[in-house]
Amino acid sequence: MILKTSNQILSQAKASLTSIDVVASAIIGFALGMVFSVGRSFYGSLGLMSFKDSWLWIRGFCYGCAAAIAIAAILVLWNWYQDGHKGIEVSPSRFSLWLTNLTAYKRVALFGITIFVLWIPAFLAFYPGNYSSDGPIQATYLLNDGVVDLHWPAAHTLLLVGLMQLGNLLFGSYNAGVSLFCLLQALALAFAMAYAANKIIEWGAPIWLVLLANGITVFNPVIQTYAVTTAKDSLFAVFFILTVTLLIEMLRTPEALDSVPFATKWVLSVLGMCLMRKQGVYVAIIVMLIALPFLRQWRRRLTALISIAMVFILSAAFSGVVANTATTRADSAREMLSVPSQQIARTYMYDYDTLTNEQIQGIGAYYDLDALEAGRTTDKPWDPTPIGMFYDTETGSGYLAPISDPAKAALLDEAFNSDPLGYVRMYFSVMKGHMSDYVRAFLWGEIGYLYPTSSAVNRWTGLSPWNEFGKTIDAGGSTNQVSDYNETTKLPGYLAWLYAGTWNMFRGHPLLTVWVSPALPFLALLLSVILLIKRKGNKVLLIAWAFPLLYWATLALAPVMCVRYVVPLFFTLPLIATIPLLTLKEL
């Protein structure tokens with residue numbers, strides 16, 4: 001019976017493959033194959049690969065053939081699924097019926113509590129909490145110097161430090177404060193994912209797929225780790241999930257904008273993204289402008305525009321309150337110029353002899369040449385390989401291929417601020433004759449988002465070590481510092497497993513590597529859009545898909561390839577995976 005059913009499905013599926021499907025599979029497959037081949041050569045040569053290498057193209061062709069066949073097979077199954085499974089009926093299980101019959105509140109509570117409980121082992125492994133990434137720096141600037149450094153979101157800094165102080169006040173321990181922050185953050189993430197899961201079940205996604213997608217996500221070591229990490233990206237993910245979910249609801253049922261509660265939820269969700277990371281609101285604006293033509297009533301269009309205006313007003317009001325009640329330190333232009341700084345510094349290090357005197361003088365007008373020279377001529381490199389051979393470990397200056405800090409630290413802020421157009425002219429002047437250096441510097445910050453590998457040589461590819469810069473809280477004395485989870489962990493075996501998934505990316509286990517790789521969101525987005533384009537009927541949900549895509553695209557401007565940056569998309573994977581399956585209403 002099973003064999004007969006399988007043959008029936010296969011026969012129906014083959015008949016559903018169109019010539020357009022074949023062409024699309026070939027184009028997408030071969031593009032993906034070349035990306036994988038470039039990624040493999042790039043990491044295999046530590047960034048010194050050549051596009052003139054014939055093996056690069058041959059291997060890309062082979063990868064492309066495999067990818068094209070896989071995509072064609074997926075399209076065959078998708079066409080069969082859209083045709084109503086053609087005579088194949090599957091009765092829902094008792095569990096599915098029970099879950100479907102639950103009220104929305106009960107479903108959200110069930111999912112949220114379950115996810116939170118499943119993350120408790122990760123919290124115990126990182127006990128008292130993963131005081132990592134930039135968290136210790138933000139906290140000590142405020143606690144020791146009384147300064148809110150606007151290099152990091154003020155809202156995140158104030159919340160983190162506020163809970164640390166509350167824990168210290170109530171329990172006499174900064175550990176308690178970090179635990180309080182991490183647990184509340186994990187709870188918020190769990191219920192944001194639960195809210196999204198409930199909605200996509202209501203919108204017609206198969207329950208088994210919703211549970212599978214959420215299970216794969218919830219147990220992912222990256223997800224578990226960042227649920228209890230003090231990085232801003234995790235709280236940003238809370239609002240990112242909610243915003244994508246609410247956007248889908250808006251596109252499915254534009255009349256939702258007539259509801260004050262819905263409009264309020266939308267404004268607060270986008271505001272939360274804005275306060276945790278500015279690029280969130282920029283993505284929301286672009287997507288909202290794309291969505292306006294689909295909101296046919298002028299009142300709904302006006303409501304959508306007013307909602308974005310409200311986000312700007314509330315965000316500005318918050319910034320004003322912070323500026324007038326706390327001592328702040330403005331962010332540097334160095335962050336904005338991270339990518340060009342790496343490109344210029346790489347050219348200076350690798351091809352100094354080919355630079356003209358005019359180009360060197362141009363670089364010197366905007367960068368500290370002493371710092372660049374310290375790296376170029378050092379006899380104490382961080383690493384003898386091309387990754388760190390131009391980095392002076394004594395001065396901390398020079399060029400580190402995967403990390404932007406040394407290169408951007410050499411930037412002269414005042415010089416750039418006084419003549420930004422001159423900087424642009426210098427940038428293109430140095431580019432002349434050195435395009436390969438610019439491309440390779442860019443690939444260090446980008447290729448890891450496209451090609452899944454455990455060979456990505458980047459300290460931030462996985463999990464940053466606990467308090468890696470050794471920041472201490474002056475008021476804590478020697479006895480009340482935040483504990484190193486390596487010493488206080490309650491589950492050392494589980495901690496080792498989380499490290500294997502985040503820090504080492506499961507080296508030697510290709511399938512597990514893909515599961516935790518920063519390239520996973522790209523692969524999920526690619527599959528999702530292929531199915532959406534092939535979807536029969538209204539394709540308005542492509543706008544909702546564009547929201548995570550645009551956020552992913554902003555990572556191309558990020559200074560390094562870092563799983564921390566892409567982690568909001570990891571949390572949103574169940575939504576990305578199920579968008580093509582959601583039902584629609586007439587607009």
Side-chain angles (χ1 to χ4, degrees), residues 113-137 139 160 163-164 167-168 171-190 215-231 233-234 237 454-473 476 478-518 520 562-564 567 570-571:
I113 293 171
T114 301
I115 294 171
F116 179 73
V117 169
L118 291 174
W119 286 341
I120 292 296
F123 168 72
L124 294 176
F126 287 109
Y127 185 83
N130 188 13
Y131 188 55
S132 185
S133 188
D134 291 344
I137 308 175
L160 171 61
L163 289 174
M164 289 176 67
N168 193 44
F171 304 101
S173 168
Y174 288 116
N175 279 347
V178 171
S179 291
L180 185 60
F181 176 87
C182 291
L183 287 171
L184 287 176
Q185 176 178 266
L187 192 65
L189 282 164
I216 291 173
T217 302
V218 167
F219 285 104
N220 189 305
V222 174
I223 292 292
Q224 295 186 61
T225 296
Y226 279 92
V228 293
T229 295
T230 55
D233 313 86
S234 299
S454 60
S455 301
V457 188
N458 184 344
R459 294 185 308 135
W460 298 337
T461 296
L463 171 67
S464 294
W466 172 89
N467 195 2
E468 59 181 325
F469 297 108
K471 295 291 183 179
T472 58
I473 301 168
S478 60
T479 59
N480 189 17
Q481 298 296 323
V482 179
S483 295
D484 184 340
Y485 59 69
N486 291 293
E487 299 172 357
T488 57
T489 178
K490 304 299 183 184
L491 297 174
Y494 200 67
L495 178 63
W497 186 78
L498 293 173
Y499 255 80
T502 53
W503 181 259
N504 296 318
M505 294 174 65
F506 290 128
R507 294 187 188 279
H509 302 279
L511 291 179
L512 291 178
T513 294
V514 174
W515 185 33
V516 298
S517 169
L520 180 62
C562 176
V563 73
R564 182 169 64 82
V567 80
F570 269 90
F571 281 100

CG-CG distance between L163 and L183, expressed to the nearest 0.5 angstrom: 10.5 Å

Contact summary for T229 and S132, nearest pair of heavy atoms: CG2-CB, 4.4 Å

Any donor-acceptor pair under 3.5 Å from T489 side chain to Y127 backbone: no

F123, CZ: over 12 other non-hydrogen atoms inside 6.0 angstrom: yes

Expected output: side-chain Q185 to main-chain T230 donor-acceptor under 3.5 Å: no

Separation of N130 CG from Y485 OH (nearest 0.5 Å): 5.0 Å

Pairwise side-chain contact, F571 with T217, heavy-atom cut-off 4.5 Å (strictly under): no

Geometric class of the Y499/W503 ring pair [parallel <30°, tilted 30-60°, perpendicular >60°]: tilted

Heavy-atom side-chain contact between M164 and I473 under 4.5 Å: yes

Minimum side-chain heavy-atom gap V563-V222 below 4.5 Å: yes

Parallel, tilted or perpendicular: ring planes of Y131 versus W466, cut at 30 and 60 degrees: tilted

Distance flag, aromatic centroids of W119 and F116, threshold under 6.0 Å: no

Residue pair W497 / F506, side-chain heavy-atom distance below 4.5 Å: yes

Nearest-0.5 Å distance, CG of residue N504 to CG of residue L498: 12.0 Å

Worked check of side-chain contact (heavy atoms from CB on, under 4.5 Å) between F469 and I137: CA-CA 8 Å; F469 297 108; I137 308 175; 3.6 Å; yes

Student check: side-chain heavy atoms of N467 and T472 closer than 4.5 Å: no

Derivation and outcome, side-chain contact (heavy atoms from CB on, under 4.5 Å), residues F570 and V516: CA-CA 9 Å; F570 269 90; V516 298; 5.6 Å; no

Contact summary for S179 and P128, nearest pair of heavy atoms: OG-O, 2.5 Å

S454 side-chain N/O to M505 backbone N/O, donor-acceptor pair under 3.5 Å: no

From CD (Q224) to CD1 (I115), nearest 0.5 Å: 11.5 Å

Separation between CZ of F126 and OG1 of T488, rounded to the nearest 0.5 Å: 11.0 Å

Any donor-acceptor N/O pair, S234 side chain to A227 backbone, under 3.5 Å: no

P221 and W515, any side-chain heavy atoms less than 4.5 Å apart: yes

Spacing of CG belonging to N168 relative to CG belonging to L180, to within rounding of 0.5 Å: 12.0 Å

